[in-house]
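The figures here come from the full heavy-atom set of this structure, side chains too, leaving out hydrogens, waters and symmetry mates.
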Amino acid sequence: MTRILAISDIHGELELLEKLLLKLKFDATQDKLLLLGDYIDRGPASCGVLNIIEELQATGARVLLGNHEAIMLKACRSGIPKAWHHWISLCGGDATLASYGYQPEDFEDAIAQNTLPSFIQTLPKLEEHLQLIETFEMYIELEDAIFVHGGVVPGKALADTDPLQFLWIREEFHTGYDGEKTVIFGHTPTYKLHQDPTNYSVYFGDNNIIGIDGGAVFGGQLHALEWPTRQITSVAKEKPTSLE
């Protein structure tokens, strides 16, 4: 029987992603994998994660855009200095660049000369991954569920929704959704949904929403949700062994 598996908010945690896929005994010929965004930034190996995402997509995985990928695209494609510095300084883009072997100062001349987009096109792996990101979907709708990065606008048809809302919405969705289809989403770490800074478990809302961003990059967990059984498989970083 085909399993539908959803994973979200990897944020450069390559080892955790590999560990989770092994724990799941993931088989691309048997399983349907849905990836819900935020593969990059903050964590140590964004380039490596996107390499795996590219392989998974080629073997049938459906891949959604996250707000961090959208931020990266805007920073790299627009050439607007403010957008670039926002990504690098506030969103963890410096860690993403480091995973490709670059530092922010490597791009200063291109920014000063207003040639950033064309300069990035000369960096093969970075350009390859930007083109990959440009293929990502905004949401996945099944007969009984919607998979999305941030959430959906309550009461609004998916086709009529501003695409940015799928990436960024939080409170309005968390508290206001009352649709019949279950919405599985990432974006907001589950400890915030649980209102408990120590609780990174999957969030099952009373209003038919399921949050699966376990805050892996913040020391939490990386989750996979199996649909429709709602079975959870999780991995976490090993805690340092005490010397005492």
Side-chain angles (χ1 to χ4, degrees), residues 1-66 68-69 99 129 132-133 135-137 139-151 181-191 193-194 199-205 208-239:
M1 181 178 175
T2 299
R3 293 184 298 174
I4 298 174
L5 302 167
I7 301 172
S8 192
D9 292 81
I10 300 162
H11 280 300
E13 295 290 349
L14 176 61
E15 290 185 8
L16 285 182
L17 175 60
E18 292 174 333
K19 187 177 177 181
L20 182 57
L21 292 174
L22 283 172
K23 189 172 182 179
L24 288 165
K25 298 181 179 177
F26 172 73
D27 182 347
T29 66
Q30 299 290 329
D31 300 321
K32 188 66 178 178
L33 183 61
L34 311 180
L35 298 164
L36 308 190
D38 280 9
Y39 316 105
I40 63 166
D41 293 346
R42 298 197 176 109
S46 292
C47 177
V49 169
L50 287 175
N51 281 333
I52 288 189
I53 299 296
E54 191 166 25
E55 294 171 7
L56 291 169
Q57 188 189 56
T59 56
R62 294 185 67 177
V63 187
L64 298 186
L65 188 72
H68 278 261
E69 287 78 47
S99 74
H129 284 167
L132 172 70
I133 289 169
T135 70
F136 292 170
E137 302 175 73
Y139 63 87
I140 298 165
E141 185 176 17
L142 305 183
E143 186 176 336
D144 56 355
I146 299 166
F147 296 82
V148 66
H149 178 63
K181 292 189 177 186
T182 302
V183 180
I184 296 94
F185 66 102
H187 185 48
T188 301
T190 57
Y191 73 86
L193 298 166
H194 290 297
N199 188 354
Y200 290 98
S201 64
V202 170
Y203 175 80
F204 292 92
N208 219 12
I209 67 173
I210 303 177
I212 66 169
D213 174 6
V217 77
F218 303 120
Q221 297 173 295
L222 186 65
H223 299 299
L225 170 78
E226 182 177 342
W227 185 258
T229 66
R230 303 186 181 216
Q231 180 176 331
I232 307 298
T233 303
S234 306
V235 295
K237 292 181 182 178
E238 293 182 9
K239 299 295 188 287

**Report entry** Identified side-chain contact (heavy atoms from CB on, under 4.5 Å) counterpart of Thr182 within the set Trp227, Phe204, Phe147
**Finding:** Trp227
Requested in this report: State the CD1-CD1 distance between Ile53 and Ile40, to the nearest 0.5 angstrom.
Outcome: 11.0 Å
**Report entry** Point-to-point distance, once rounded to the nearest 0.5 Å, from OG1 of Thr2 to CG of Asp31
**Finding:** 7.5 Å
Report summary line: Taken to the nearest 0.5 Å, the spacing of Ile212 CD1 from Asp9 CG works out to 8.0 Å
Report task. For the residue pair Leu21 and Ile7, establish whether any side-chain heavy-atom pair is separated by less than 4.5 Å. Result -> yes
Query raised in the report: Are Gln57 and Thr135 close enough that some pair of their side-chain heavy atoms sits under 4.5 Å apart?
Result: yes
Query raised in the report: How close do Glu69 and Ile133 get, heavy atom to heavy atom, and via which atoms?
Result: CB-CG2, 3.8 Å
Requested in this report: Answer yes or no: is there a side-chain heavy-atom contact under 4.5 Å between Asp38 and His149?
Outcome: yes
Query raised in the report: When rounded to the nearest 0.5 angstrom, what is the spacing between CG in Leu36 and CG in Asp213?
Result: 10.0 Å
Query raised in the report: Is there side-chain contact between Pro44 and Glu13, with heavy atoms separated by less than 4.5 Å?
Result: yes
Requested in this report: Under the side-chain contact (heavy atoms from CB on, under 4.5 Å) rule, what do Glu18 and Ile52 come out as? Steps first, then yes or no, please.
Outcome: CA-CA 9 Å; Glu18 292 174 333; Ile52 288 189; 3.8 Å; yes
Query raised in the report: Does some side-chain heavy atom of Tyr203 sit less than 4.5 Å from a side-chain heavy atom of Ile209?
Result: yes
**Report entry** Ion pair check, Lys237 and Glu15, cut-off under 4.0 Å
**Finding:** no
Query raised in the report: Ile10 and Leu222: side-chain contact (heavy atoms from CB on, under 4.5 Å), yes or no, with the steps?
Result: CA-CA 7 Å; Ile10 300 162; Leu222 186 65; 4.1 Å; yes
Query raised in the report: Between Lys181 and Asn208, is there a donor-acceptor pair closer than 3.5 Å when you use the side chain of the first and the backbone of the second?
Result: no
**Report entry** Intermediate values then yes/no, side-chain contact (heavy atoms from CB on, under 4.5 Å), Leu225 and Ile232
**Finding:** CA-CA 5 Å; Leu225 170 78; Ile232 307 298; 3.3 Å; yes
Requested in this report: Identify the heavy atoms of Phe185 and Gly150 that sit nearest to each other, and give their distance.
Outcome: CD1-O, 3.7 Å
Report task. Name the orientation class of the two ring planes belonging to Tyr39 and Phe136 (parallel below 30°, tilted from 30 to 60°, perpendicular beyond 60°). Result -> perpendicular
Query - Side-chain (Thr190) to main-chain (Gly214) donor-acceptor, under 3.5 angstrom - result: no
Report task. Among Leu34, Leu35, Ile4, Leu33, find the residue that satisfies the side-chain contact (heavy atoms from CB on, under 4.5 Å) test when tested with Arg62. Result -> Leu34
Report task. Identify the heavy atoms of Leu14 and Ala45 that sit nearest to each other, and give their distance. Result -> CB-CB, 3.7 Å
Query raised in the report: Taking all atoms of both residues into account, what is the closest heavy-atom pair of His194 and Val202, and its distance?
Result: NE2-O, 3.5 Å
**Report entry** NE2-NE2 distance between His68 and His187, expressed to the nearest 0.5 angstrom
**Finding:** 8.0 Å
Query - Taking every non-hydrogen atom, the tightest pair across Leu24 and Arg3 - result: O-NH2, 2.8 Å
Query raised in the report: How long is the gap from NE2 on His223 to CG on Leu5, to the nearest 0.5 Å?
Result: 14.5 Å
Query raised in the report: Val63 and Leu56: side-chain contact (heavy atoms from CB on, under 4.5 Å), yes or no, with the steps?
Result: CA-CA 9 Å; Val63 187; Leu56 291 169; 6.0 Å; no
Query - Considering all heavy atoms, the nearest Leu16-Ala236 contact - result: CD2-C, 3.6 Å
